[in-house]
Every structure is written in structure tokens, then in C-alpha cells.
Amino acid sequence: MAKQITDNASKSPVAQEDILLVRDVTSNTDKKTTIAGVAPAVAANLPLASVSSTKINFGGGGAGLWWEEIGRTTLTSPGDVISVAGLPARKFLAIRFMVFTTSGQQVSVVMNFNNDGATNYAYRVADSGSPSESNNLNATGLFYTGPAALNSYFAEAEIVNLPNYEKTILSRGAINVGNSATNNIVRITNYGKWANITAQINRIDLTNLGTGDYATGSELVVLGHN
């Protein structure tokens with residue numbers, strides 16, 4: 001009786017130079033290849049969403065090579081609050097938000113962490129129309145105030161999120177005040193901190209204090225890394 005594949009000894013893990021037997025369906029003959037030779041065909045034919053985040057060198061805990069999306073909220077109707085809650089613990093956070101306004105009205109974005117609206121924030125903010133920055137102490141959040149009328153507000157922020165240190169934030173934004181090249185972008189920079197030394201950020205809220213609303217499609221995305 002011919003020897004079966006199952007009669008051979010097992011090997012795990014395999015090396016890229018190990019040899020495999022394959023059937024060439026074009027010539028209907030058996031041929032050999034290596035693990036390295038199979039890899040390109042496997043990679044090219046993976047179904048969409050077939051590889052989980054724990055297999056992409058995130059390590060499942062944000063410890064790999066890449067930033068990992070850990071939270072996202074997109075408004076499905078106009079409103080004044082965008083929240084992302086239940087964030088897993090990460091040493092570093094990267095935030096991206098894009099808010100659109102209803103009928104070109106004003107939105108004034110305030111960022112808070114872990115439902116803390118007390119005077120535990122400090123920040124410096126400046127915009128492209130101001131010759132100096134504003135120094136804000138004992139604030140109730142990080143304020144991203146926009147012009148009286150605007151179309152959209154895009155901003156990004158990076159946060160050091162160590163539990164035993166104040167959370168320092170570096171952020172910048174671009175405000176679009178019109179739909180033509182006759183209106184330039186308003187530039188915003190905002191550097192601040194959340195004076196909490198006992199907890200990591202697990203919730204982020206963007207609350208609008210302006211006269212308008214966040215329009216449908218406004219979005220907050222949070223990335224994490226360890």
C-alpha cells in the first residue's frame with residue numbers, strides 16, 4: 001500500500017523553505033513548491049475581513065506596529081453631542097473628528113473625557129486670524145470655537161494616555177467657512193491637558209455649544225496604540 005500523507009510525521013511550525021506537494025490543474029500533474037512559494041497566492045486570495053485585528057501585529061492590545069481603530073461614532077441625525085464610550089486602555093490615543101453644520105450655522109466644539117465637565121482642563125488656543133494665543137486655566141473642557149458661520153470643522157488630536165500622569169493633548173484643526181476659493185481655511189491650534197492622574201481615558205465627548213447643530217454624517221474616530 002502506498003504511503004499516505006497522514007502516515008508522515010508532523011512538523012509545526014513550518015519553515016519558508018519547507019516543500020509542499022501541489023497539483024498543477026493546468027497540466028494535471030503533481031509538482032512541488034515551498035511555503036514561501038505558496039504565500040503570495042494565499043495573500044492575494046484572502047476574502048475581505050477574513051483577518052482579525054489580533055493577527056495584524058496589533059497584538060490585540062495595541063502593542064504592535066500599527067495604530068488600531070478602537071472607537072467610532074457617526075451621527076445618523078442632527079445633534080449636539082458625539083460620544084465614543086467603552087474605549088479599551090491604550091497608552092496613546094489619536095483622535096480624528098469631522099463635524100458638519102446645519103445651514104452654515106456656528107458650532108463650538110468642547111472635548112471632554114470620562115464624563116468630566118469640571119474645571120480640570122487647561123489649554124492654549126490660537127487661530128490664523130489672531131496674532132496671539134489664548135491661555136485658558138481651570139477650564140471645563142478643551143474648546144474648539146469656530147467662526148460665526150462655517151460649513152465643516154476637521155480636527156485631529158494626539159494624547160498621551162498614561163494613567164498616573166496628566167493627559168497632554170496636541171491638536172490642530174481646519175475650519176471651512178465657505179464653498180469657494182474666495183474663502184480660505186481658518187487654522188486652529190490647541191495644546192492642552194486633562195489634569196487627571198488616576199485614570200486612563202475611556203470615553204470622549206464632543207459637545208456643541210454653538211447656535212447650530214452637528215449635521216448628519218458628523219463623525220468622531222479614535223485610534224489607539226501601546
Side-chain angles (χ1 to χ4, degrees), residues 67 71 80-84 87 90-101 104-215 218-225:
W67 288 91
D80 282 320
V81 180
I82 309 175
S83 299
V84 173
L87 295 171
R90 296 291 187 270
K91 294 177 183 177
F92 303 97
L93 299 177
I95 298 171
R96 306 286 186 270
F97 72 78
M98 170 64 86
V99 294
F100 306 96
T101 63
Q105 295 177 320
Q106 184 191 37
V107 294
S108 180
V109 182
V110 183
M111 183 183 296
N112 292 101
F113 307 121
N114 294 16
N115 276 326
D116 183 4
T119 55
N120 294 318
Y121 303 82
Y123 65 96
R124 298 176 181 273
V125 65
D127 64 60
S128 53
S130 173
S132 61
E133 65 182 12
S134 171
N135 182 27
N136 301 273
L137 304 175
N138 300 313
T140 56
L142 300 174
F143 284 70
Y144 295 79
T145 302
L150 57 93
N151 287 0
S152 62
Y153 196 151
F154 168 68
E156 57 183 4
E158 294 190 1
I159 303 173
V160 178
N161 191 33
L162 298 174
N164 299 325
Y165 296 87
E166 293 183 332
K167 314 305 179 282
T168 52
I169 300 107
L170 310 177
S171 60
R172 58 182 181 175
I175 301 174
N176 183 21
V177 296
N179 288 324
S180 73
T182 60
N183 298 294
N184 211 339
I185 292 294
V186 176
R187 182 184 68 252
I188 299 288
T189 58
N190 190 324
Y191 302 120
K193 66 178 181 178
W194 178 40
N196 180 295
I197 58 172
T198 60
Q200 285 184 292
I201 295 169
N202 56 42
R203 177 187 175 116
I204 298 171
D205 293 292
L206 300 180
T207 302
N208 171 39
L209 301 182
T211 56
D213 290 322
Y214 297 147
S218 297
E219 188 170 55
L220 168 61
V221 180
V222 183
L223 310 177
H225 201 305

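Keep in mind the model is a prediction, meaning the values are calculated, not measured.
Across Asn190 and Phe143, no two heavy atoms sit closer than the pair ND2-O, 2.9 Å. Closest of all the heavy-atom pairs between Ala174 and Ile185 is CB-CG2, 3.6 Å. Here the shortest heavy-atom pairing between Leu93 and Gly224 reads CD2-CA, 4.3 Å. Smallest separation of non-hydrogen atoms from Ile169 and Lys193: CD1-CA, 3.6 Å. Ala122 and Leu137 make their closest contact through CB-CD2, 4.1 Å (heavy atoms, listed as atom of the first residue, atom of the second, distance). Contact between Ser152 and Met98 at its shortest, heavy atoms only, is CB-SD, 3.9 Å.
For the 3.5 Å distance criterion, the side chains of Asp205 and Thr207 fail to qualify, holding no donor opposite an acceptor.
Between Tyr144 and Phe97, the ring-plane angle classifies as perpendicular under the 30° and 60° cut-offs. Relative orientation of the His225 and Trp67 rings is perpendicular, given thresholds of 30° and 60° on the angle between their planes.
Atom CG of residue Asn176 and atom CG of residue Asn183 lie 7.5 Å apart, to the nearest 0.5 angstrom. Here the straight-line distance linking atom CD1 of Ile159 with atom CZ of Arg90 works out to 14.5 Å at 0.5 Å rounding. Here the CE-CD1 distance, from Met111 to Ile95, works out to 4.5 Å after rounding to the nearest 0.5 Å. Between Leu162 atom CG and Gln200 atom CD the span is 7.0 Å, to the nearest 0.5 Å. If you take CG on Asn196 and CG on Asn164, they are separated by 10.0 Å, rounding to the nearest 0.5 Å. Taking CG of Asn161 as the start and CD1 of Ile201 as the end, the distance is 4.5 Å to the nearest 0.5 Å.
The shortest distance between side-chain heavy atoms of Tyr121 and Phe113 falls below 4.5 Å.
Within a 6.0 Å radius of CD1 in Ile197, other residues, nucleotides and ligands contribute 12 heavy atoms or fewer.
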Next item on the list: Given side-chain contact (heavy atoms from CB on, under 4.5 Å), test Asn120 with Trp194 step by step and report yes or no.
Entry: CA-CA 6 Å; Asn120 294 318; Trp194 178 40; 4.1 Å; yes

Check: Do Val160 and Tyr165 pass the side-chain contact (heavy atoms from CB on, under 4.5 Å) test, and can you show the C-alpha distance, the side-chain angles, and the key distance before you say yes or no?
Finding: CA-CA 9 Å; Val160 178; Tyr165 296 87; over 6 Å; no

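The closest donor-acceptor contact from the side chain of Asn114 to the backbone of Arg203 lies under 3.5 Å.
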